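In each ligand, atom 1 is the first atom listed, and ligand 1 is the first ligand listed. Note that the coordinates shown come from a computational prediction; the quantities given were computed from them, not determined experimentally.
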Amino acid sequence: MYNMAAPKCVLVSFALILICEISSSERNTRDFLKREHTLVKPYQATSTNNPTWDFIGSTILTSNYIRLTSDHQSRQGAIWNSVPCRVRNWELHVQFNVHGSGKNLFGDGFAIWYTKHRLQLGPVFGSMDYFVGLAIFLDTYSNHNGPHNHQHPYVSAMINNGSLHYDHDRDGTHTALEGCEAQFRNKPHDTFIAIRYHGTTLKVSLDIDGKNSWKECFTAHGVYLPQGYFFGASAATGDLADNHDIISMKLYEIDSPGDTAQEYYGLPKAENVEPPREHVDDHRNTVSGWKIFFVIILVLLGIGVCGVVGYVIFMKSQENSRKRLY
Ligand SMILES: *[C@@H]1O[C@H](CO)[C@@H](O)[C@H](O)[C@H]1NC(C)=O
Ligand SMILES: [Ca+2]
């Protein structure tokens with residue numbers, strides 16, 4: 001009896017390994033493209049035959065790319081998927097091309113969205129502020145003049161439940177979940193970004209070196225996004241400009257059979273993000289510093305004047321009392 005247990009155990013383990021093998025290969029077959037959330041050439045045919053994408057603002061369609069903004073000032077453009085995404089675990093691949101004539105001055109960049117609201121132009125890379133959902137920013141221009149802990153262009157993620165403001169003056173550093181530096185502009189080869197959301201893990205990777213391989217930008221854990229939001233991309237130019245082109249957006253379902261049960265219905269949230277710090281205006285700060293300095297000087301002067309006046313009055317009264325004494 002005792003000796004029979006070992007082979008049985010081996011058999012059971014072998015069967016388990018076999019089951020694992022089968023389920024992992026099954027998982028691979030389920031990594032498939034969701035056509036209703038995918039945008040590929042030819043775009044004109046897409047908009048007429050399969051109208052699941054909307055185009056607004058300065059966006060123009062050509063046969064080879066979708067141009068969100070051209071290399072001109074003060075443009076805002078966006079594309080939005082009109083089908084809410086019910087896929088729980090997904091990976092979005094975006095082929096893009098940011099290019100322009102500016103050598104040192106160009107901007108502002110573009111954003112990829114998974115949000116509750118769509119088709120609203122606004123100040124955050126061409127889309128609305130106080131958004132509800134996920135934003136991936138590909139920020140080409142550093143608005144922050146002070147000491148920066150990173151270079152630009154910079155790729156970052158932000159999770160918002162509608163309460164947070166994107167602070168351009170700080171390049172969103174106070175609300176960013178994670179980020180990485182990435183020289184994706186004016187490349188002679190194709191450039192791609194992959195956004196993978198599986199379970200509660202968000203992973204962003206880039207393929208911008210023309211090597212046809214993904215390089216991790218960052219991975220963030222404890223990210224909660226509900227189903228039913230919309231994918232989109234938007235871009236903006238201000239005083240500075242660039243061409244912000246989208247070549248394709250492809251959404252892959254990466255649900256594995258085991259984890260389809262849990263769903264999330266709450267507001268977007270990220271567990272490991274620092275609470276937003278107060279926006280402290282450097283200029284105003286120095287002014288208030290000077291104010292305090294002047295107040296102290298005035299108080300000291302006041303004390304001095306009071307002292308002198310008091311001393312004079314005291315001496316006068318002493319004189320008077322002396323006069324009375326004599
Ligand atoms: C929304 O997010 C902010 C900042 O992360 C947080 O303080 C607030 O509690 C959240 N509100 C809700 C209703 O979850
Ligand atoms: Ca910026």
Side-chain angles (χ1 to χ4, degrees), residues 68-69 71 73-78 96 98-100 102-117 121-186 193 200 202 204 217 220-229 233-244 264-279 281-282:
L68 301 176
T69 77
D71 197 355
Q73 293 181 321
S74 307
R75 301 285 161 98
Q76 291 181 345
F96 63 92
V98 178
H99 58 109
K103 282 274 180 287
N104 301 310
L105 293 172
F106 44 82
D108 294 331
F110 75 105
I112 298 163
W113 304 93
Y114 175 67
T115 54
K116 187 175 182 178
H117 306 103
L121 294 172
V124 185
F125 296 94
S127 200
M128 64 179 278
D129 199 0
Y130 299 99
F131 59 92
V132 181
L134 164 73
I136 304 292
F137 301 123
L138 291 94
D139 186 355
T140 48
Y141 177 68
S142 172
N143 302 69
H144 191 21
N145 296 321
H148 230 309
N149 53 3
H150 58 73
Q151 298 293 306
H152 274 72
Y154 193 73
V155 177
S156 66
M158 177 174 169
I159 304 287
N160 200 349
N161 62 17
S163 73
L164 298 176
H165 160 61
Y166 177 84
D167 188 353
H168 266 292
D169 295 342
R170 290 285 181 278
D171 291 312
T173 47
H174 291 191
T175 47
L177 182 62
E178 287 266 8
C180 75
E181 296 167 19
Q183 299 299 325
F184 55 77
R185 196 178 166 272
N186 272 351
I193 183 168
T200 59
L202 177 72
V204 173
C217 173
H221 301 283
V223 174
Y224 293 83
L225 295 168
Q227 289 78 57
Y229 283 10
S234 69
T237 61
D239 291 340
L240 304 172
D242 239 347
N243 296 299
H244 297 101
Y264 181 69
Y265 297 103
L267 282 170
K269 67 175 181 192
E271 280 173 349
N272 303 318
V273 74
E274 285 177 44
R277 282 159 282 173
E278 276 296 308
H279 177 132
D281 196 321
D282 293 342

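With a cut-off of 3.0 Å, the Ca ion (ligand 2) has no N, O or S atom of Thr140 in range.
Here is the list of ligand 1 atoms found below 4.0 Å of a heavy atom in Asn161: 1 (C), 2 (O), 3 (C), 8 (C), 10 (C), 11 (N), 12 (C), 14 (O).
If you check the side chains of Thr173 and Asp171, you find no donor sitting under 3.5 Å from an acceptor.
Judged by distance alone, the side chain of Asp139 and the main-chain N or O of Gly109 form no donor-acceptor pair under 3.5 Å.
In this structure, Trp113 and Phe137 have perpendicular ring planes: the angle between them is above 60°, well past the 30° mark.
If you put the vertex on the Ca ion (ligand 2), OD1 of Asp171 and OD1 of Asn143 sit 70° apart, to the nearest 10°.
Annotation: side chain of Val223 is not in contact with side chain of Leu134 (no heavy-atom distance under 4.5 Å).
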